[in-house]
Amino acid sequence: TPVLTNPLRPALLAAARSPRAERGITRMPVTRRIVDRFVAGESREAALHAVRDLVRDNRFVTIDYLGEDTVDPAQADATVREYSAMIQALAQLPTPADDPGVPSTHGPGMLLAGTSPRPLEVSVKLSAFGQALPNDGHAVALRNASTVVEAAAAAGVWVTFDMEDHTTTDSTLSIVRELRRDHPETVGTVLQAYLRRTEDDCRAFADEGARIRLCKGAYNEPEAVAFRRKRDVDASYLRCLRILMQGKGYPMVATHDPAMIEAAALLATSVHRGRDDFEFQMLYGIRPAEQQRLTALGQHLRVYVPFGDQWYGYFVRRLAERPANLMFFLRSAAPG
Ligand code: FAD
C-alpha cells in the first residue's frame with residue numbers, strides 16, 4: 001500500500017531535518033530557481049511585494065518568516081523582531097476595503113459576532129520562537145509568541161500557529177489556549193488531520209469557537225500517532241471538516257485537494273455558512289489558477305506566503321508532498 005502519495009516521502013522528510021542533506025541540496029545551483037516557485041523571496045520587501053499583488057487580486061494572505069527548530073535564544077529573539085517589523089509593515093498596507101473603487105470582500109461575520117475575516121495574517125512556528133530550547137523552551141516560546149500576538153492584535157492582523165511534529169502538539173496547543181484567553185479573535189491554530197488525536201482536538205476547539213486551519217499534515221509521523229495511508233488521512237480530514245463546519249468557530253480549509261475543496265463548499269452550504277464564515281487556504285505558488293477560481297466565485301482564499309533565507313525544510317516538505325514537484329526538481333538537477 002502506498003504511504004500517502006509518494007513512496008519517497010519518508011526519505012525526503014528525513015532529509016528535511018538532515019544538516020548534511022541541507023548542505024548538499026542548498027549548494028546545488030539549480031535549487032534556487034525551483035525554490036523561487038514556493039518562496040516569495042529572502043527579504044521582507046520581496047514578501048511585501050508578493051503580498052501587495054495578492055491583496056490587489058482580492059486574495060487574503062498569511063506571512064511566514066521561514067525558520068524552525070531554533071536552539072539559540074538570540075535567533076529566536078531575531079525571529080520575533082522580524083515578525084514585529086512585518087506586522088508593522090502589514091498594518092501600513094492598503095487593503096481592497098480601503099479603496100472605494102473595489103467592492104468590499106469582507107462584510108460582517110455571522111458566527112464571529114462583531115468581527116469579519118482579517119485579510120492580513122502571520123503564521124508562526126513555535127520551534128522558531130525557542131520551543132525546543134532545553135529546560136525552559138515552552139516558557140520562552142510562550143513569551144515570544146505573546147509579544148507577537150500583542151503587536152498583531154494592536155495592528156488588526158491575525159496570528160495562526162503552525163503545527164509541527166507530534167512531539168510539539170501538546171506544548172503548542174497549550175500556548176494557543178493561553179494566548180486565546182486575552183485574544184480569542186486574533187489567535188488561531190493549525191490542526192493536522194493525519195494525527196489520530198485531531199478529531200477530538202477539532203471538537204474541543206470548535207466548541208470554544210476558535211479559528212482553526214485544518215491541513216492534512218506534512219511531517220513523517222509514526223503509525224502509533226498518525227494515519228499514514230492517503231485514504232485514511234483523507235477520511236479523517238473529512239470528519240474533522242464536518243466537526244469544524246458544524247461548530248462555533250471559523251474553519252480555514254487549508255488544502256489543494258479538489259475532493260476536500262468540494263466537500264468543504266458543500267458542507268458550508270449545508271450548515272448555512274456564508275462567505276465570511278469560513279475560508280480556503282493554499283500555499284504560495286501552488287495551484288494559482290484554482291486560487292483565482294475560488295476568489296472569482298466570491299470565496300475567501302488565503303495564500304500562505306513564506307519568505308526568508310531559511311527555506312530548506314519548507315522546500316523539502318513541498319518536494320515530499322508531491323512526486324511531480326520532486327520529478328521537476330530532479331530533472332532540472334540532472335546533468336546534461
Ligand atoms: P495532497 O494529498 O498533497 O494532494 C491531493 C491532491 O491535490 C492531489 O492529488 C492533486 O489533485 C492536488 N494537488 C496537490 N498539489 C498540487 C499541485 N501542486 N498542483 C496541482 N494539484 C495539486 N502542514 C503541517 O504539518 N503543519 C502546518 O502548519 C501546515 N500549514 C499549512 C498551511 C496551509 C495554508 C496549507 C495549504 C498547508 C499547510 N500544511 C501544513 C501542509 C499540509 O499539511 C499538506 O502537506 C499540504 O497542503 C499537501 O496536502 P493537500 O491537502 O494539498 O493534498
Side-chain angles (χ1 to χ4, degrees), residues 2-6 8-9 12-13 16-17 34 37-38 40 54 59-64 66 68 121-128 131 158-169 172-173 176 188-195 198 201 211-221 225-238 240-241 251-264 278-294 300-306 313-329:
V3 177
L4 294 174
T5 38
N6 182 354
L8 292 175
R9 184 174 185 272
L12 279 163
L13 291 178
R17 293 214 141 144
I34 298 163
R37 270 184 56 192
F38 299 107
L54 290 165
R59 280 175 266 181
F60 291 175
V61 292
T62 187
I63 323 293
D64 166 41
L66 290 161
E68 50 200 273
E121 183 192 56
V122 292
S123 285
V124 168
K125 281 188 176 55
L126 286 173
S127 79
Q131 191 180 34
W158 273 352
V159 181
T160 294
F161 289 90
D162 284 355
M163 199 52 83
E164 301 176 70
D165 76 68
H166 79 277
T167 62
T168 63
T169 310
T172 298
L173 292 185
V176 165
T189 190
V190 172
L191 293 175
Q192 298 152 315
Y194 66 8
L195 292 186
T198 293
D201 288 331
R211 196 162 55 73
I212 296 297
R213 169 185 301 160
L214 182 66
C215 69
K216 290 189 185 178
Y219 295 79
N220 196 25
E221 299 289 15
V225 299
F227 302 109
R228 289 171 62 91
R229 284 179 309 189
K230 177 171 161 60
R231 68 159 184 270
D232 296 335
V233 177
D234 288 356
S236 172
Y237 194 99
L238 294 173
C240 292
L241 204 50
M252 303 185 286
V253 183
T255 181
H256 315 98
D257 187 338
M260 303 300 127
I261 293 167
E262 198 187 330
F278 77 105
E279 67 183 50
F280 292 102
Q281 301 190 333
M282 293 186 203
L283 301 176
Y284 180 82
I286 301 190
R287 301 203 70 195
E290 178 65 4
Q291 296 179 13
Q292 282 172 319
R293 184 187 75 90
L294 289 169
H300 294 308
L301 180 285
R302 190 180 304 272
V303 182
Y304 185 103
V305 181
Y314 179 88
F315 172 66
V316 176
R317 283 194 297 278
R318 304 291 78 82
L319 295 185
E321 239 149 52
R322 196 166 152 75
N325 290 343
L326 177 65
M327 288 315 294
F328 180 68
F329 176 68

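Given the structure is predicted, the values throughout are model-derived calculations rather than measurements. Whatever order the structure lists ligands and atoms in, that order sets their numbers, starting from 1.
Taken to the nearest 0.5 Å, the CZ atom of Arg317 stands 10.5 Å off from the CZ atom of Arg9.
A salt bridge links Arg302 with Glu279; the closest basic N to acidic carboxylate O contact falls under 4.0 Å.
For ligand 1, none of its N or O atoms has an N or O atom of Tyr194 under 3.5 Å away. The N/O atoms of Gly217, backbone and side chain alike, include one that comes under 3.5 Å of an N/O atom in ligand 1. By the 3.5 Å distance cut-off applied to N or O atoms, Ala218 is counted among the residues near ligand 1.
In this structure, Phe315 and Ile34 have side chains that are in contact, with non-hydrogen atoms separated by less than 4.5 Å. Using a 4.5 Å heavy-atom cutoff, the side chains of Lys216 and Met260 are in contact. With a 4.5 Å cut-off on side-chain heavy atoms, Asp257 and Tyr237 do not count as touching.
In terms of modelled atom types and a separation under 3.5 Å, the side chain of Ser236 and the main chain of Tyr194 share no donor-acceptor contact.
When the options Arg322, Lys216, Glu321 are ranked by their closest heavy atom to atom 4 (O) of ligand 1, first place goes to Lys216. Relative to atom 21 (N) of ligand 1, the option among His256, Arg287, Met260 with the closest non-hydrogen atom is Arg287. Summarising the contacts of atom 23 (N) of ligand 1 with Pro306, Cys215, Ala320, the nearest heavy atom is found in Cys215.
Of all the heavy atoms of Ile286, the ones lying under 4.0 Å from any atom of ligand 1 belong exclusively to the side chain. Counting heavy atoms closer than 4.0 Å to ligand 1, residue Val190 contributes side-chain atoms (C-beta onward) but none from N, CA, C or O.
At a 4.0 Å cut-off, at least one heavy atom of Lys230 sits close enough to ligand 1 to count as contact.
Under 3.5 Å, the side chains of Gln131 and Thr172 contain a donor-acceptor pair of N or O atoms.
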